[in-house]
Amino acid sequence: MPSKEVLLCVNIDHIATLRQARGGKEPDPIWGAILCEQNGADGITVHLREDRRHIQDRDVRLLKEVVRGKYNLEMALSEDIIRIALEVAPHQVTLVPEKRQELTTEGGLDVKANFEKIRETILRFHEKGILVSLFIEPDIESVEFSKKAGADFIELHTGTYCNVFRTPLMEKELERLYRAAHHAIEIGIRVNAGHGLNSENVIPILGLAGLEELNIGHSIISRAIFKGLPAVVRELKDVIRHFTH
Ligand code: PXP
């Protein structure tokens, strides 16, 4: 059982999704961020998408003032968004692929195909003291290119594993994740994970070598509708603590 504390960064995008459904002011993701941190979240994650379907520029700026723990901004390799991120200066940016038609981030970043652009973008963030994480598929080649590009962290995409959780295909997906994390630690790049996780399927993920942070959003906000955000964050944090100590 891993003994290092694994941090929980709550992705609050879907509080904004609900707000945008009516184009009004509630529910306010800023208030959501405060509640998450008051109830044990170690940080807050948001994705400023090019189509602004949920999080808005105003949210990104206000969160910089409000978040006490780690502030992680997910973003595509788009010049407009890069400029906003450099100006706001969160603690960390996570570079993700983005397609307009997708419902959520599908697949990891193709670090090899976008190598020069990624390397140059990482340098720009590093000049401002901003950490950079790359959201990648759990394969050795992507881990190696992430290291070569100069990223501080990889975030291993757990989506495929979550889709096959408790099916005969689960072991193979877990094995891919374990191998990718192990390789990352061996070559000196730090490890985060996320996508599709909840309080059940997260347990085997806590066994990833060197795991530092989890980014979890949809399951938290969904369950919060029935149980309330404070209770859901506290329970998830308890699960993470229980299975890492
Ligand atoms: N990590 C990254 C890079 C993501 O793009 C997302 C979804 O925005 C998440 C984690 C959180 O995924 P979920 O909402 O399924 O928990």
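What you are looking at is a predicted structure, and each value in this text was computed from that prediction instead of being measured. In listed order, ligands and their atoms are each counted from 1.
The heavy atom nearest to atom 10 (C) of ligand 1, out of those in Arg49, His157, Glu155, His218, is found in Glu155. Summarising the contacts of atom 2 (C) of ligand 1 with Glu74, His14, His54, the nearest heavy atom is found in Glu74.
Side chains of Asn72 and Thr45: a donor on one and an acceptor on the other come within 3.5 Å. Side-chain atoms of Ser133 and Arg190 include no donor-acceptor pair closer than 3.5 Å. When only modelled atom types and interatomic distance are considered, Glu144 and His183 share a side-chain donor-acceptor pair under 3.5 Å. Between the side chains of His126 and Asp152, at least one donor N or O sits under 3.5 Å from an acceptor N or O. Side-chain atoms of Ser142 and Asp139 include a donor-acceptor pair closer than 3.5 Å.
Shown in contact with Ile216 at under 4.0 Å from a heavy atom are these atoms of ligand 1, numbered in order with element: 16 (O). Close contacts of ligand 1 with Gly196, meaning ligand atoms under 4.0 Å from a residue heavy atom, involve 12 (O), 13 (P), 15 (O), 16 (O). Of all atoms in ligand 1, numbered sequentially from 1 with element shown, those under 4.0 Å from a heavy atom of Asn11 are 8 (O).
Of the heavy atoms in Val96, only side-chain atoms (C-beta onward) come closer than 4.0 Å to ligand 1.
By the 3.5 Å distance cut-off applied to N or O atoms, Gly217 is counted among the residues near ligand 1.
By the ring-ring contact (aromatic ring centres under 6.0 Å, His included) test, His14 pairs with His54, His218, sequence neighbours left out.
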